[in-house]
Amino acid sequence: MNKIVKIALIAIGLIAAVLWFSLPSGDDPDAINSGAMNFMFIIMYLLLAIAAISAIVFGFGKLFSTPGSLKKALFGIGGLAIVVAISYGLSSDNATVVETMAQRGVETTEGTVKNVGMGLNVFFILSAVAVVLMVFPGLKKLFVK
């Protein structure tokens with residue numbers, strides 16, 4: 001199976017290389033409609049679909065085959081849901097931002113502003129957690145020795 005995958009990847013790589021050199025110049029106004037460009041997009045979508053399906057199948061296979069992993073996954077999903085709920089509570093639906101965006105020609109609502117604020121808060125909280133989880137074991141190792 002491994003040899004078949006390697007041969008398929010080599011074949012796809014060679015096809016992509018031929019298509020790369022077959023691309024029209026950037027000055028051509030009809031370059032986006034070339035056959036080489038379309039075929040490269042088809043290859044890209046095919047490889048993306050294969051990667052996504054493989055990740056999902058093998059991920060769920062590992063999730064359901066390993067004892068205790070489903071419980072850990074549910075704890076992780078629950079923790080993420082808690083972070084999202086806290087972030088949504090911390091975000092504000094600032095009306096002045098809506099007015100400012102309307103003056104700039106961007107139509108938005110207070111709900112959109114609240115959702116963007118929630119997304120930023122989730123990012124900041126998860127970034128802070130990641131930094132703590134990277135720094136804490138190093139400091140622990142430094143002082144415990």
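Throughout, numbering of the chain's residues begins at 1 and tracks the sequence. What's counted below: heavy atoms across the whole structure, side chains too, no hydrogens, waters or symmetry copies.
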Check for a donor-acceptor pair, side chain of Ser69 on one end and backbone N or O of Thr66 on the other, with a separation under 3.5 Å. yes
If two hydrophobic side chains count as joined below 4.5 Å and joins carry through other members, does Ile12 share a cluster with Met44? yes
Taking all non-hydrogen atoms of both residues, which atom of Gly61 and which atom of Ser65 are closest, and how far apart? O-OG, 2.9 Å
Check Val113 against Ser92 and note the closest heavy-atom contact, atom names and distance. CG1-O, 3.9 Å
Quick one: does Tyr88's side chain get under 4.5 Å of Asn115's, heavy atoms only? yes
Counting N and O atoms only, with roles assigned by atom type, does the side chain of Thr100 sit under 3.5 Å from a partner on the main chain of Thr96, one being a donor and the other an acceptor? yes
Close side-chain approach of Leu19 and Ile43, heavy atoms under 4.5 Å: yes
Going from OG on Ser87 to CE on Met118, what distance comes out if it is rounded to the nearest 0.5 angstrom? 7.5 Å
To the closest 0.5 Å, what do you measure between CD1 (Ile4) and CG (Leu9)? 12.0 Å
Within one Ile-Leu-Val-Met-Phe-Trp-Tyr cluster: Val5 and Ile53, side-chain cutoff 4.5 Å: no
Got a sec, which residues hit side-chain contact (heavy atoms from CB on, under 4.5 Å) with Val106, two or more places apart in sequence or on another chain? Met101
Roughly how far apart are Lys114 NZ and Asn121 CG, rounded to 0.5 Å? 9.5 Å
Point-to-point distance, once rounded to the nearest 0.5 Å, from CZ of Phe41 to CG of Leu46: 14.5 Å
To the nearest 0.5 Å, what is the distance between CG on Leu90 and CZ on Phe124? 12.5 Å
Output the distance between atom CG (Leu63) and atom CZ (Phe58), rounded to the nearest 0.5 Å. 14.5 Å
If Ile, Leu, Val, Met, Phe, Trp and Tyr residues are connected whenever their side-chain heavy atoms lie under 4.5 Å apart, and connections chain through other members, are Ile42 and Val18 in the same group? no
Transitively linked via ILVMFWY side-chain contacts under 4.5 Å: Trp20 with Leu47? yes
With sequence neighbours excluded, what pairs up with Phe123 under the side-chain contact (heavy atoms from CB on, under 4.5 Å) test? Ser127
Quick check: closest heavy atoms across Gly117 and Ser91, and the distance to 0.1 Å? C-CB, 3.7 Å
Are Leu14 and Ile7 connected, step by step, through hydrophobic side chains (Ile, Leu, Val, Met, Phe, Trp, Tyr) whose heavy atoms are closer than 4.5 Å? no
A side-chain contact here means heavy atoms from C-beta on lying under 4.5 Å apart; do Leu80 and Leu126 qualify? yes
